[in-house]
Amino acid sequence: MYCTQHITSDILFVGASDRKLARFENVFPIPRGVSYNSYLILDEKTVLLDTVDQAVRERFFENLAAGLQGRPLDYVVVNHMEPDHAATLMDVLRDYPEAKVVGNAKTVSMIGQFFDGDISGRAVTVKEGDTLTTGRHTFTFLMAPMVHWPEVMVTYDAAEKVLFSADAFGTFGAFSGNLFADQVNFERDWLDDARRYYANIVGKYGTQVQTLLKKTAGLDIAYLCPLHGPIWRENIGWFVDKYQTWSSYAPEEQAVAIFCGSVYGHTENAAEIVANRLAEKGIKEISLHDVSGTDVSVLVSEAFRCSHLVLASSTYNGGIFTPMENFLTDLKAHNFQNRTVAVIDNGSWAATAGKQMRELVGTMKNMTVLENSVSLKSSVKEAQRTELEALADALAAELLG
Ligand code: FEO
């Protein structure tokens, strides 16, 4: 049975949530599920903005039919061709034969890559600044390449001041009825997933996100409608500021995150000694993560949040402990930059992880590695406790200073 909600009198939410999928993109754990947002505009002409993943197709097609109430569908705007939004596109075109497909040249090309069948006679190809008027509404198309794929565009509706922002401003998490960010406790219940979504899905493309933020800065936006997660109609600037911070690779908080990769617990012991000393020095809200037991998407997200990182790793196969190496490689892949890092390593006969972590961090932009570093030989001894405390003191001085 259909399950829709009005965003405005003309705009209907016809998307749906998936609470069964274990891993988004078959990579990122989503214990809170995910929503695939799709919007139907009921004007003199009808317009669908993006479709949904196959997983929620049944609800989506019921929602679409209920929203149209027997009217034809005139246009489908494809802001993003990734299958979590476009997998059901051809089924929509089959069920609604009058519908034209609105996208840019790359979109049209990708439709051909993903699907069989010729849509050239139904394609309306748009470029930067082109508009589509459907009666009361005029939609303007703005290109947003690499936020998160090359064909991505966003659509602005001047009539109701709505920005349909594609993947930008999205978040993991299924809906619990409340579609609007002002109806939930976003900072408490959604921000961590929003940051994890940003850092891992879009984080590599900070420059392109900055370009989009500049391009949309002059628009009068009353509603911000992403393709995943809550819709914004209040306090939009607060979330835009988060995007400004994340996309400029600036730390969101002056805070420390400690990441430890420990085989038998001795390296973890060193990490805890640093954490305790930091606490004694007055540092609050320290986060400490075992890289073996924490999904790397959470580690990347925490690194985006914090200004200072401690990397404590065992040496393994003559290199960095595998989960730590995977984490650092992932950070580099996401273009991570502008942080201060402290390094601790351990090796019972040849501790090389520290040198290799410093080298890997050195390949990232504008990273400062603290001079204080500690190298353990198996377990922590009194002399090394002193070194770990000195490292913590240097970090605390930076954080408090
Ligand atoms: Fe939600 Fe890039 O797809």
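For ligands, and for the atoms within them, numbers begin at 1 and follow the listed sequence.
- Using a 4.0 Å cut-off between charged side-chain N and carboxylate O, E252 and R305 make no salt bridge.
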Full working for side-chain hydrogen bond (donor to acceptor under 3.5 Å, both in side chains) between T140 and T131: CA-CA 4 Å; T140 304; T131 57; 5.8 Å; no
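- Salt bridge R136/E44: absent, no basic N to carboxylate O contact under 4.0 Å.
- When you scan the N, O or S atoms of H80 for the one nearest atom 2 (Fe) of ligand 1, you land on NE2.
- Residue D167 counts as close to atom 2 (Fe) of ligand 1, with an N, O or S atom under 2.8 Å.
- Checked against atom 1 (Fe) of ligand 1, the N, O or S atom of H228 at the shortest distance is NE2.
- Judged purely by distance below 3.5 Å, without hydrogens or angles, the side chains of N79 and H85 never pair a donor atom with an acceptor atom.
- Salt bridge status for D295 with R23: present, with a side-chain N to carboxylate O gap under 4.0 Å.
- One finds an angle of 90° at atom 2 (Fe) of ligand 1 between ND1 on H148 and OE1 on E82, to the nearest 10 degrees.
- Between D84 atom OD2 and H85 atom NE2, the angle centred on atom 1 (Fe) of ligand 1 amounts to 80° (nearest 10°).
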